[in-house]
Amino acid sequence: MSDIQLNDDWKKHLQSTFETDTMSALKDFLRNEKNQGKVILPHSSLWFNALNSTPLEQVKVVILGQDPYPTPGHAHGLCFSVLPDVKPIPKSLINIYKELQDDLGIINHNGHLQSWAEQGVLLLNSVLTVASGQANSHQGKGWELFTDAIINELNNQARPLVFVLWGAYAQKKGAIIDSKRHFVIRSPHPSPLSAYRGFFGSKPFSKINQFLQQQGQDEINWQV
């Protein structure tokens, strides 16, 4: 992965993780996938888009996702986000937007969340790549170790952060987070299968901004 660009702010904290056998095996796996003619999503230049868009020192909020979208032209390295011209917007993101409208009255018409990332919202998937058309195909190949290291680094930050854990997968992934120091929001996943079990009505966006205001930080503008 030496050809992949990662900003220095994150690189210095993750260098030891890159040097592990697990990450070496992940690199070999991804190379073999390409050699077999498989299309890996998103493009390699966007694998670390979440980290490059939200340097460690700028992180205010962390939203944990699972895998990139397996549909070509959708994933661009930020969880739940798609490129601006993607229609229809994915169903989980539609539900996120429904809750945003109910919570703060904000209506968004495209699924591109880059502006959230640039305001300090780290939109981190647990697994950073997927084979085109094959959901979850890169789970258990090593990315989880890497993103665990990111979460551990965030948990160790002296300043309090907001962690948003939607669904059982994210809640298990975020089990190490110290909720005495950080503000942790837990609810069901915004998927159509589970949103009605408590995601709707959870008002995460106003809760986040209220916490940031209490910390003397700028609120997130959730309009995209």
Side-chain angles (χ1 to χ4, degrees), residues 1-59 61-83 113-114 117 121-157 161 163-178 182:
M1 296 182 189
S2 58
D3 56 332
I4 306 299
Q5 296 302 309
L6 177 61
N7 70 58
D8 291 338
D9 186 29
W10 278 108
K11 189 183 293 183
K12 66 184 178 183
H13 293 283
L14 298 171
Q15 190 60 45
S16 61
T17 305
F18 275 114
E19 295 167 357
T20 61
D21 291 343
T22 300
M23 292 302 286
S24 179
L26 172 62
K27 184 177 180 179
D28 290 342
F29 166 76
L30 293 169
R31 184 186 296 115
N32 289 337
E33 289 281 279
K34 283 190 173 182
N35 289 343
Q36 293 174 30
K38 294 184 180 179
V39 176
I40 296 175
L41 302 176
H43 187 273
S44 58
S45 63
L46 294 171
W47 288 357
F48 299 134
N49 188 26
L51 302 177
N52 289 329
S53 298
T54 317
L56 177 59
E57 295 305 318
Q58 295 177 24
V59 175
V61 181
V62 184
I63 298 179
L64 285 183
Q66 192 163 346
D67 291 82
Y69 295 116
T71 304
H74 285 205
H76 66 110
L78 305 181
C79 71
F80 294 107
S81 181
V82 290
L83 292 170
L113 306 181
Q114 187 73 35
V121 181
L122 181 66
L123 296 164
L124 181 66
N125 272 318
S126 176
V127 176
L128 301 188
T129 59
V130 69
S132 177
Q134 299 177 42
N136 308 325
S137 52
H138 289 183
Q139 284 191 4
K141 304 300 182 182
W143 280 124
E144 291 90 346
L145 173 83
F146 180 69
T147 51
D148 281 347
I150 294 170
I151 294 168
N152 189 57
E153 194 62 46
L154 291 161
N155 184 51
N156 290 336
Q157 293 298 297
L161 305 175
F163 288 87
V164 180
L165 309 178
W166 287 329
Y169 185 95
Q171 288 163 26
K172 183 178 179 181
K173 180 83 172 172
I176 66 164
I177 298 162
D178 183 357
H182 302 294

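All of these numbers come straight from a predicted model, not from anything done at the bench.
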Can you name the nearest heavy-atom pair linking [X] to [Y], along with the distance?
| X | Y | result |
| --- | --- | --- |
| Gln66 | Asn136 | NE2-OD1, 4.4 Å |
| Asn155 | Phe163 | N-CZ, 4.2 Å |
| Ala50 | Leu123 | CB-O, 3.4 Å |
| His76 | Asn49 | O-ND2, 2.7 Å |
| Pro68 | Ala75 | CB-CB, 3.9 Å |
| Leu78 | Ser53 | CD2-OG, 4.5 Å |

Test item: [X] and [Y] side chains (from C-beta on) under 4.5 Å apart, heavy atoms:
| X | Y | value |
| --- | --- | --- |
| Ser126 | Glu144 | yes |
| Leu64 | Cys79 | no |
| Phe29 | Thr129 | no |
| Asp9 | Gln58 | no |
| Leu154 | Leu122 | yes |
| Ser81 | Gln114 | no |

Go through the steps for Gln5 and Asn52 under the test side chain to side chain donor-acceptor pair (under 3.5 Å), then give the verdict. CA-CA 8 Å; Gln5 296 302 309; Asn52 289 329; over 6 Å; no

Sequence-distant partners of Thr20, side chain to side chain contact (heavy atoms under 4.5 Å, CB included), two or more places apart: Thr22, Met23, Leu145

How many angstroms lie between atom [atom1] of [X] and atom [atom2] of [Y], to the nearest 0.5 angstrom?
| X | Y | atom1 | atom2 | result |
| --- | --- | --- | --- | --- |
| Glu153 | Lys12 | CD | NZ | 9.5 Å |
| His13 | Leu51 | NE2 | CG | 11.5 Å |
| Ile40 | Leu128 | CD1 | CG | 12.0 Å |
| Trp143 | Asp67 | CH2 | CG | 12.0 Å |
| Asn152 | Ile176 | CG | CD1 | 4.5 Å |

Would you sort out whether Leu26 and Phe146 count as a side chain to side chain contact (heavy atoms under 4.5 Å, CB included), showing the intermediate values? CA-CA 10 Å; Leu26 172 62; Phe146 180 69; 5.8 Å; no

Are more than 12 heavy atoms, taken from residues, nucleotides or ligands other than Lys11, located less than 6.0 Å from that residue's NZ atom? yes

Asp21, CG: over 12 other non-hydrogen atoms inside 6.0 angstrom: no

Would you check if the side chain of Trp47 reaches a backbone N or O of Gly77 as a donor-acceptor pair within less than 3.5 Å? no

Lys173 side chain to Asn125 main-chain N or O, any donor-acceptor pair under 3.5 Å? no

From CA spacing to verdict: side chain to side chain contact (heavy atoms under 4.5 Å, CB included), His138, Leu30: CA-CA 9 Å; His138 289 183; Leu30 293 169; 3.8 Å; yes

Could you please spell out the steps behind the ring-ring contact (aromatic ring centres under 6.0 Å, His included) verdict for Trp10 and Phe48? CA-CA 10 Å; Trp10 278 108; Phe48 299 134; over 10 Å; no

Applying salt bridge (charged side-chain N to carboxylate O under 4.0 Å, His left out) to Glu33 and not counting sequence neighbours gives Lys38

On the 0 to 90° scale, with breaks at 30° and 60°, tag the His74-Tyr69 ring pair as parallel, tilted or perpendicular. perpendicular

Pick from Val164, Leu161, Thr54: which one makes a side chain to side chain contact (heavy atoms under 4.5 Å, CB included) with Val61? Val164

Do Leu14 and Ile150 pass the side chain to side chain contact (heavy atoms under 4.5 Å, CB included) test, and can you show the C-alpha distance, the side-chain angles, and the key distance before you say yes or no? CA-CA 7 Å; Leu14 298 171; Ile150 294 170; 3.9 Å; yes

